[in-house]
Amino acid sequence: MLFDKLLFRCGLRRAHLQLATMGSVALCVVFWMRAAGYDQDERGNAERRALFVGLWAPTLWVIGQSLGEDGPTGRPAAPGTTDAA
């Protein structure tokens, strides 16, 4: 929970991490397509790089889901109140 609150206080929101997730998937596809241009000896390393970047997506998505739009708890604050925590 401390990590979520820290990210939220730094200004990171769910939408930011969802965009980073989509960027990770796009970068993975680009790396995978570029791997086809390498010879057989170097292709394995390029494909592993694409898989590594592709594994970022679920991690970023879950962190974004834990943040929510209204704070780390995901519960909207009551109107006219402030969250002192």
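This is a predicted model, so every value here is computed, not measured. Worth knowing before you read on, the calculation uses all heavy atoms, side chains too, and leaves out hydrogens, waters and symmetry mates.
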Excluding V25, membership of its hydrophobic cluster (Ile, Leu, Val, Met, Phe, Trp, Tyr; side-chain heavy atoms within less than 4.5 Å) reads none
Working to the nearest 0.5 angstrom, can you tell me the gap between [X] [atom1] and [Y] [atom2]?
X   : Y   : atom1 : atom2 : value
W61 : R14 : CH2   : CZ    : 8.5 Å
D41 : R43 : CG    : CZ    : 10.0 Å
Q18 : H16 : CD    : NE2   : 10.5 Å

Between T21 (side chain) and L17 (backbone), is there a donor-acceptor pair under 3.5 Å? yes
### Query
Would you say S24's side chain and G54's backbone share a donor-acceptor pair under 3.5 angstrom?
no
- Could you tell me whether the side chain of I63 reaches within less than 4.5 Å of the side chain of T59, counting heavy atoms only? yes
Show me the donor-acceptor pairs, under 3.5 Å and distance only, between side chains in residues 26-39 and residues at least two apart or in other chains.
from	atom 1	to	atom 2	distance (Å)
R34	NH2	Y38	OH	3.4
D39	OD1	E42	N	3.3

side-chain hydrogen bond (donor to acceptor under 3.5 Å, both in side chains) filter on R48, not counting sequence neighbours, yields none
*State plainly whether one hydrophobic cluster holds both L67 and W56, where clusters connect Ile, Leu, Val, Met, Phe, Trp and Tyr through side-chain heavy atoms under 4.5 angstrom apart.*
yes
